[in-house]
Structures are given as structure tokens and as C-alpha cells.
Amino acid sequence: MIDYKKELNPEQLDVVLHGDGPALVLAGAGSGKTRVVTYRVAYLLEQGVKPEEILLLTFTNKAANEMLSRVRSIVGTGDSRLGVWGGTFHAIGNRVLRSYADRLGFGRDFTILDNEDSRDLVKLCLKEALTDVESKRFPSAATIFDVISFARSARVPIEESLDRKYPRFLQFSGEIESIAAAYARRKRMANAMDFDDLLAFWLELLQTDAAVSDRLCSLFRYVLVDEYQDTNPLQAAITDHLASKHGNLLVVGDDAQSIYSFRAAAVENILTFPKRFPKAKIFKLETNYRSSPEILKLANAIISGNREQFKKNLRPVRPADVKPVVVAFSTAGEEAEHVARRILSLRQDGLALNDMAVLFRATHITQPLEMELMRRDIPYEYRGGMKFFERAHIKDILAFLRIRENPKDAMAWMRVLSLQEGIGEATAGKLLDRVRGISDAQKVLELDPVQILGTKAFRGWNTFLASYRPLTGMDLPAPMIRTLVEGPYKDHLIREHQDAESRIQDLEQFAIFAEGYKKLGDFLSEVALKDDYGAKRSAGATEDRERLILSTIHQSKGLEWDAVFVIHMVEGVFPNKRAAVEENGIEEERRLFYVAATRARRSLNLSYPTTAGYDILSIQNPSQFLDELNPKLIEARRPTAHGDEPVIELDRLGERSVGNHQYLRDVNEL
């Protein structure tokens, strides 16, 4: 017999022993929710529930495997199969449909399309639906697939999906609906399903086939869902239906960590659970094993600003430590220099690099920090995206600049030509033969390749010239970058990429970086020397795998570090500028701040630059989330040449200052 009282705290024990019926477990950050779920499954097995009568739904295969492995360890079975239905929503959906797909008109041997396959199929439908698929205004196949996928996951019409994701393409809602219908027909003809189908058809079976519904609802006596705050409407409908017979639905999650609405996750699923199940028991896990008391006080204060939430108060187990620190800087460069210096100081004090993380709301603001880390030879791992100089759009712009500097650069030519509609590899090779030997950037404009180009390829060449021609009259790299971004390349980004706005912001940061250079050649050389970065080993690193973590806040969820730095906390970045116009947008951004704060075990450092770019007159306001902080919960500091020092705390916060501190208010009023 398992000694549950010994293994679990009272909050966790209550869930494990009394989680029958509909049950909502509100698991605060660092409260041991995985332990609760695994011990609950073990308890059910110990009480004689058959393994096949338990359904455990997770969001990643890794989480499912870890949980089932823990259950096996707890119950002491050597049987690797265990017998519990455990896995991701998609994995269980696939398993169900392998038995019942024929009831929906599919063969049971259907193929599963990955996202690349799906985009390729949408692209085929797009070509068939439009006579001019190269329209600069019409969205790409990747964007259309994203719209279709979001609509199905959120259970909303295509038009609403467009309005929420890509309002600039709303005028094409009719055409996109037709493409979506053609996409669905082609999948059925090919006996293929995409990932969304695995859930949508599973729900369709439950709702339309009484025999299948009764069989599945009877089979699963107990349904458990991990990370319930991340479920979309489709997933919530499935779990609600599966629990309709036995009523044993235990969902574990934290509404305060619901941050994935862009993936169709709906915080309403967890917030409305007691309304959908009026007899539901509500458990709260509020004992936090991760963070210091000072960090938890701040985290509790952060989330208290949200109106739509279940009130929780995280309680610490760890001993007292230092207060969270807030520092304002004149520029992003100063902020980056300070963070890098502080990281080296902590490393010298014995804290490993991989026990530290720098978190950020948007990837486009990391360039100054990455440059500073490179200068100081601090190895880092980038999560939630690619390192700045490895990003495709940065390399695209560099290719144009390399041709401007050296028209003989064959690799740059191949990259630039591949971006142009109608120019394939063979045509690019012919054009490359024509430009060989040209050493003057102006001479490129005098080429007349009409004899070797078809109609589409010639149109692509003219598009290239429209981008390249203005560069020949410029000398400075920064205006060149901005000119390229405002030209045809911007149309390419909008048409081909769902995150076009983020890429454009990246390129503006690239232009800001370039403002420090007066010669294009010097700028290109400096950037090129960064290419082999990462192969070096820091003098301070004891092992090759020891690296500082740079991560988006979204990507950091579920992780923890001793020291956490949250950078560039300015209005328009964090909270994101779109949040102000989206329904409940600010509340989700505040939840994101809460997630960032609760990643830290001992040290939490918040910072922001007061000016944008190289223009000291471009004043940036601190994030409204910093303005909301209780001055008693933080230590505001001013940067110095060798670190930072405390400033005198005032009684209350300034109107637009990160702190209640005259120094910071004075900086903003310059």
C-alpha cells in the first residue's frame, strides 16, 4: 500500500483521495501538479479501477511518458505497457479513429499529414482556385492553412478566424472559405487527415454516432486532463462529452498561466468549468516549492490585477532571499551591457550559466543583448526562435546588401533570386551566368536578360530591380535596410509569413544596429564574423553544454532557473501593442508577466530602456505592469559603471515611472 500522507502535502492528498466526480484542480505555479496527477492515477489503480478505464490526456508526448513512467514507479509494476490510456489529445484521437474512421467515410489506414504536407496541399488548392496566385495582396498557403487550423480549433467561422489572426486579409474571406472546402475534399479523396482532423472527427463521432459515443463514454470511467488552461474549445468539448456518462472528469491547470490564445487556447474553458459542472469540486494547490517568498509576493501582486480569474495565494516553502530588482537604462545597449555583466558576476560567484535565463516578450528586441553576449564570449542557447543573425529574413536582407557591395557574390545572388516569383533554380543559374564578371553595382541595372526569361521570371527580375535600384544611390547600411523593408520585400513577408509583423520589427532592430556603421563593407564584415559564434567555448564555462538560456516567455512556461532577467519591459512590447485592442488582451499579457516572474527561484531582475534605438529623444514609457507594482515588493536600482545601486524609495509610484523613484521619473521626463 502507498503511504499517501507521507508522499503528499494536505492539499495534494485531498485531490488524490477525493477527486471523484467533476473536479477542478487549480494548481499554482510550482505547486507539484504532476505529482498530484500521477498519484491520483496510482490511487485509482490501487482502488481496483481497471487501467483501460482511465484516460489521461496531456499536451506533449514527453509529459505523457513521464507521467506514465512515474505511475509505474509508484505502483511498483514492471509492465511497461501499464494499460492506462495515456497520451496527447492527438495521439488518443488517432487511436480512436483507427477503429472508427470508416464510420466517417475514411479508411482505417488513413494517412496523417504533418504541417508541411498540409501547407503543400493548401498551396495546390490555392493555385487551382486563383488565376493570379502571385498577387501581392493575397495571403500565402501557409497563412491560409493557419487560418483554417485556428478556425477549427477555436470552433469559429473562417471570417472570425481571419478577424482574430489576420484582419488585413478579411477582404478575401470568401475565397479562403472556398479554398478550405477544397482542402477538405482533397484530404478525403486522399484518405488523409491533418492534426486538426484527429480532434474534429473524434468529436464528430461522439456527437453523431450514438453507438461509438456510448462505447467510449462507458469505457472511460475516469478522465484526467493535464494543463487544462491550454485546451482549445475543440478539446474541451471532447473531454466534456467523454465524461457525460460516469461524470468523473478531473482537470488540472492554472488560469493564471493561460497564455496561448494565439493557438486557440481558451482560458474560458477553465474559468467556466464550475458553470458547466455545477456540482464540481474545486481544489487549490497553493504551496509553492520553487520560488523565494519575495518573488511569490510579487507574483501574487502581479496577477491580482486580473478581474477574470480564480483567486489564489501562493505560499512559499523556500527561505527568505533578496527582493526582485527593477532597473531603468538610457538605451537598450546599456541594458544589454548590464545584464551581461551581471550574468558574468553570478557565474564568478558559482552559479552555472544554465541556471540563469533571460526572458523577453518579443524576439525582435534581443539583438543588442546577443551582440553583447558575443563580445563577452558568453555562450547561449536561444529558445522560442532562432538567434538573430540566423533568421531567414536577416539573411535575405544581407544577401541584397552583399550584392550591392560585391556583385560577384554568387551565393548572395542565389538567395535573392530564389525570393522572386517565377525564378526557379534553373533560371537563377542562367541569370548568374550573366552577372559573372560584373564588379560595379550600377552595372547590374544595365543587364537585359529578357532573352533567357519567361514571362513570370521576367516579372520576378523586375521585382528584384525595384528592390535593388534604390540601393545603388546609397552608401550607409541603415537606410539601405529600411529601403529594402519598405519595398517589394515587405510584400513578400506579408504574403509568405504568418509572423510578418515580427519579422519587420526584427529588421528595424537590424537597421538600428547598422546605424553605428558608416561603410557597408565594415558592416558586412562585422556581421559575417558572428556566423561561427556558438562553436566557441566560453572561458567561464566548465562544460560545453553549460549555456545561458535566452527564451521567449511563452517558451519558458514549465521551466525554472535560479536567476531570471526579464528585459525590455516597455509599453508596446510588454504588454504587446495589439493587446490593448484585443478582448481581454491585457489580462493575458499580465498572465504572461506572472509566468515570467514565477520562473525564478531566487533572483528576479526586471529592466527596460527609456529610449528607443539610437535616438535619445525617442522616449519609451515603462510597461504598465511595472507601474502597477507595489513599491514595497521591489528594490529599484540605478545603473552605475560597475553594476547598480539602490535608489531611495518613495511612498508611492510615479505616474509613468517604473518605480516610485525620483531618479527614474527624471529619466523619463528628459
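Note that the structure is predicted; figures quoted are calculated from it, not measured.
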Taking the six-membered ring for Trp, are [X] and [Y] parallel (under 30°), tilted (30 to 60°) or perpendicular (over 60°)?
X      : Y      : answer
Tyr260 : Phe262 : perpendicular
Phe510 : Phe389 : perpendicular
Phe400 : Tyr489 : perpendicular

Residue pair [X] / [Y], side-chain donor-acceptor N/O under 3.5 Å:
X      : Y      : result
Ser607 : Glu335 : yes
Arg547 : Asn354 : no
Ser603 : Asn605 : yes
Ser140 : Glu496 : no

Is the closest basic N to carboxylate O distance between [X] and [Y] below 4.0 Å?
X      : Y      : value
Arg599 : Glu560 : no
Asp562 : Arg602 : no
Arg482 : Glu508 : yes
Asp321 : Arg601 : no
Glu372 : Arg376 : yes
Glu589 : Arg578 : no
Glu337 : Arg341 : yes
Lys519 : Asp475 : no
Arg590 : Glu628 : yes

Checking [X] side chain against [Y] main chain: does a donor-acceptor pair fall under 3.5 Å?
X      : Y      : value
Ser502 : Asp499 : no
Asn65  : Asn61  : yes
Glu405 : Leu520 : no
Thr366 : Thr363 : yes
Arg318 : Ser291 : no
Glu571 : Gln624 : yes
Gln420 : Val416 : yes
Arg404 : Met474 : yes
Asn288 : Ala29  : yes

Contact summary for [X] and [Y], nearest pair of heavy atoms:
X      : Y      : result
Tyr608 : Pro622 : CZ-CB, 3.5 Å
Ala264 : Ser153 : CB-CB, 3.7 Å
Ile295 : Ala597 : CG2-O, 3.5 Å
Arg503 : Leu493 : CD-CD2, 4.0 Å
Lys323 : Lys632 : NZ-O, 2.9 Å
Gln620 : Thr611 : NE2-O, 3.1 Å

Quick one, [X] and [Y] - any side-chain contact, counting heavy atoms below 4.5 Å?
X      : Y      : result
Val564 : Val566 : yes
Leu401 : Leu484 : yes
Trp561 : Met356 : no
Arg591 : Asn306 : yes
Tyr594 : Asp254 : yes
Gln509 : Asp506 : no

Could you grab the distance from atom [atom1] of [X] to atom [atom2] of [Y], nearest 0.5 Å is fine?
X      : Y      : atom1 : atom2 : answer
Arg315 : Asn300 : CZ    : CG    : 10.0 Å
Ser31  : Leu285 : OG    : CG    : 4.5 Å
Leu432 : Asp409 : CG    : CG    : 9.5 Å
Leu592 : His554 : CG    : NE2   : 4.5 Å
Leu298 : Thr598 : CG    : OG1   : 10.5 Å
Leu344 : Leu548 : CG    : CG    : 9.5 Å

Might you work through the ring-ring contact (aromatic ring centres under 6.0 Å, His included) test for Phe329 and His338, ending with a clear yes or no?
CA-CA 9 Å; Phe329 299 91; His338 169 85; 4.9 Å; yes
Cation over ring face, Lys387 and Tyr380, 6.0 Å, 45°:
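That pair qualifies as a cation-pi contact.
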Is the NZ atom of Lys557 crowded by more than 12 outside heavy atoms at less than 6.0 Å?
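Correct, the count exceeds 12.
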Please identify each residue that fulfils side chain to side chain contact (heavy atoms under 4.5 Å, CB included) with Ser551, with sequence neighbours left out.
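If we apply the side chain to side chain contact (heavy atoms under 4.5 Å, CB included) test to Ser551, skipping adjacent residues, the hits are Leu359, Arg383, Ile549, Gln555, Ser556.
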Please name the residue in the list Ile303, Leu606, Ile553, Ile259 that meets the side-chain contact (heavy atoms from CB on, under 4.5 Å) test with Phe593.
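That would be Leu606; it is the only one of Ile303, Leu606, Ile553, Ile259 passing the side-chain contact (heavy atoms from CB on, under 4.5 Å) with Phe593.
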Does Phe150 form a ring-ring contact (aromatic ring centres under 6.0 Å, His included) with Phe145? I'd like the steps, not just the answer.
CA-CA 9 Å; Phe150 186 89; Phe145 172 65; over 10 Å; no
Would you check, one step at a time, whether the test side chain to side chain contact (heavy atoms under 4.5 Å, CB included) holds for Ile586 with Phe625?
CA-CA 10 Å; Ile586 294 297; Phe625 300 145; 4.2 Å; yes
